[in-house]
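Below is one structure, written out as structure tokens; comments come after it.
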Amino acid sequence: MVVPELRPWRAAGPHVVRIAAAVRPRLARVAAATGPWLTRWRRPGSPQAPRVARPGTGWYTATAATAGLALAAGVATAAGPWDSSGQRTAERDRAVAVEAARGTDHDGARAHAGTPPRGPQAAPPAPSVLTGLGGTATAVRSAPTRKALAAVLDPLLKDPALGRRSVAVADAATGRRLYGADPGDALTPASTTKIATAVAALSALGPDHRLTTRTVYEPDTKEVVLVGGGDPTLTARENAKGSASLRDLAARTAAALGKRGVRKVTLSYDTTLYKGGTAHPIGVNPNLAAVTPLMADAGRADDSTSGPAPRVADPAADAARRFGDLLKEHGITATPPGPSKSTTRAATLGVVSSPPLASLVERMLTHSDNDLAEALARHTALATGKPADFAGAGAAVTARLEQLRLPVKGVRIKDGSGLDRDGRLTADLLTALLVKAGDPAHPELRPALTGLPVAGFTGTLSGRYAEGASGVVRAKTGTLTGVNTLAGTVVDRDGRLLAFAFLANDTTGPDAAQTALDKAASALATCGCRAP
């Protein structure tokens, strides 16, 4: 079975070299311990040897004996946003270094939660991790049994720090639930909602869809209108880093106006793509900007690119003002901008487009980007004929999940980000989403897996699991006051890929709850829970 490669892999070459060089000093210190095995791993043609394919060729060839087990190996090998930065190579190199040091990375910060003890219950060694990433040893391994999983997880999930919980563990190859603790109870999911948003958007729009921002010229009023296309990654910064650039749009617009002999314009902006109010139910909050189809740099008032930050009060007006300043640099004088609506008579002056939806989904999941999540939920609504407001977006996401035959009983999706505390998901739905994203019949959903933060490496898990399950757990986190959640995939000690979801409400405190959830995920990684 060959799964198509995601486009970011094409740019991997130079970045892989750079990232691999960064970890080379660690490998040198442990070369003696890992030499023979590392040589086998590096041998061309081995299952783990990274390959840069020509554009459009296969992503990887699964070597498991059955389609389901091929999926288990394939999902863990999936090239995510780390393609363009060499992250996948760095994960593997670091796994080797950590193994030689008996699970300790002396050059990095340690995680304080979920680190399993050393000795017989220590995390799987690097060879096991790499086998899970694409080797053939998983082909004859059976899935864990419920009894064995219960023996491992029950004591951990009864931690009083977790309050009420809904838990499910499923076999990624078959979708069969292997373990459950009130898996059908609908609880507040926090940011694990973004997994549902990702699957729905990819299903409705496709992984190659792009979000466009454009300018048009109204011949009757001599007005230039900046038309918001719902792309929160549009940037006004000098280095766009692959995002749509407001600077490029200004240059193209000025050039088009120059051809018309126009040097002075009335500048307006159009935000009619979305409906309803712009304020999220949580109110003004540094975790997201006002929800509008026109914004630059997500309305951030500082130089940050992710996480909480001060936001401008009106992102659309701010983006239009900055656009006017950029036009001036190209010799076009513009009036102070005001809201308007473009007409069908308008002529297009310039267009810029976001990265493909696959990349946007990965960014949203890796960095828990709330602005992107709300935008993608609204685009799901637009693609399915529903109003592009909070209610319409929630209804659209739910409808897409129903079309995918996912269990939505008791589910209540109130927004795309999970910041609304009235949202409800079940552990059964979250594991079903993860399994569906890995289904060979739905390759368009794969970014919902490849975008998951990698324990000890990326996004919201970069500071967790520095020992133990580092590189083995890939999961979306969720945190609100009294709510802690974790849902993703893990390769167990036998190389079997599992999907899991841990939802905890009424938690006693974020640190204690996070520790308990991390321990449970680490326990899955160290579990040899299959039938003998």
Side-chain angles (χ1 to χ4, degrees), residues 64-76 114 116 121 123-124 128-129 131-132 137-159 162 165-187 189 192 195 405-407 409 425-440 448-449 452 455 468-469 472-476 485-504 516-532:
T66 67
L69 288 172
L71 169 64
V75 169
Q121 299 300 317
S128 296
V129 174
T131 295
T138 59
V140 296
R141 303 296 177 124
S142 60
T145 66
R146 193 209 178 282
K147 182 178 180 180
L149 285 172
V152 170
L153 292 178
D154 281 353
L156 297 174
L157 296 174
K158 289 179 181 177
D159 189 322
L162 294 178
R165 75 280 186 278
S166 175
V167 177
V169 178
D171 182 15
T174 65
R176 181 169 61 93
R177 190 206 299 154
L178 304 174
Y179 172 86
D182 301 317
D185 285 2
L187 301 182
T192 53
I195 299 174
R405 299 183 179 181
L406 295 167
K409 182 179 179 181
L425 295 183
T426 66
D428 265 344
L429 173 60
L430 285 167
T431 53
L433 284 164
L434 295 163
V435 170
K436 183 69 70 173
D439 187 339
L449 290 181
L452 293 173
V472 189
V473 172
R474 314 172 69 93
K476 183 71 199 74
T485 60
L486 190 69
T489 63
V490 60
V491 180
D492 73 5
R493 193 175 69 188
D494 294 320
R496 192 81 178 196
L497 187 72
L498 308 176
F500 69 91
F502 304 147
L503 303 178
L517 295 181
D518 286 354
K519 284 181 178 178
S522 291
L524 284 176
T526 61
C527 184
C529 298
R530 65 189 179 90

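Numbers for residues simply follow the sequence, beginning at 1. Because only heavy atoms are used, hydrogens play no part in the values below, and waters and symmetry mates are left out as well, while side chains stay in.
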With heavy-atom distances below 4.5 Å as the criterion, would you say the side chains of [X] and [Y] are in contact?
X      : Y      : result
Leu452 : Leu434 : yes
Leu149 : Cys527 : yes
Asp492 : Pro144 : yes
Arg493 : Thr526 : no
Ile195 : Lys476 : yes
Val169 : Arg177 : no
Leu449 : Thr489 : yes
Val167 : Asp182 : no

Shortest non-hydrogen contact between [X] and [Y], atoms and distance:
X      : Y      : result
Val435 : Ala170 : CG2-CB, 4.4 Å
Ala487 : Leu430 : CB-CD1, 4.2 Å
Leu524 : Leu153 : CD2-CD1, 4.0 Å
Pro189 : Thr192 : O-OG1, 2.7 Å
Pro155 : Ala151 : CD-O, 3.5 Å
Ala143 : Arg176 : CB-NH2, 4.2 Å

Inset, instruction - Mind checking ring pair (Phe, Tyr, Trp, His ring centres under 6.0 Å) for Phe500 and listing every partner two or more places apart, or none if nothing turns up? - result: Phe502
Inset, instruction - Would you please name every residue forming a side-chain contact (heavy atoms from CB on, under 4.5 Å) with Ser166, sequence neighbours left out? - result: Asp185, Leu187, Ala427, Leu503
Inset, instruction - Kindly write out the residues that satisfy side-chain contact (heavy atoms from CB on, under 4.5 Å) with Ala432, not counting sequence neighbours, or none if the list is empty. - result: Leu406, Pro407
Distance from [X] atom [atom1] to [Y] atom [atom2], nearest 0.5 Å?
X      : Y      : atom1 : atom2 : answer
Asp171 : Thr431 : CG    : OG1   : 11.0 Å
Leu156 : Asp518 : CG    : CG    : 11.5 Å
Arg165 : Lys158 : CZ    : NZ    : 8.0 Å

Legend entry - Donor-acceptor under 3.5 Å (Asp494 side chain, Arg496 main chain): no
Legend entry - Trace of the side-chain contact (heavy atoms from CB on, under 4.5 Å) decision for Thr145 with Leu178: CA-CA 6 Å; Thr145 66; Leu178 304 174; over 6 Å; no
Legend entry - Pairing residues for Asp154 by the salt bridge (charged side-chain N to carboxylate O under 4.0 Å, His left out) criterion, not counting sequence neighbours: none
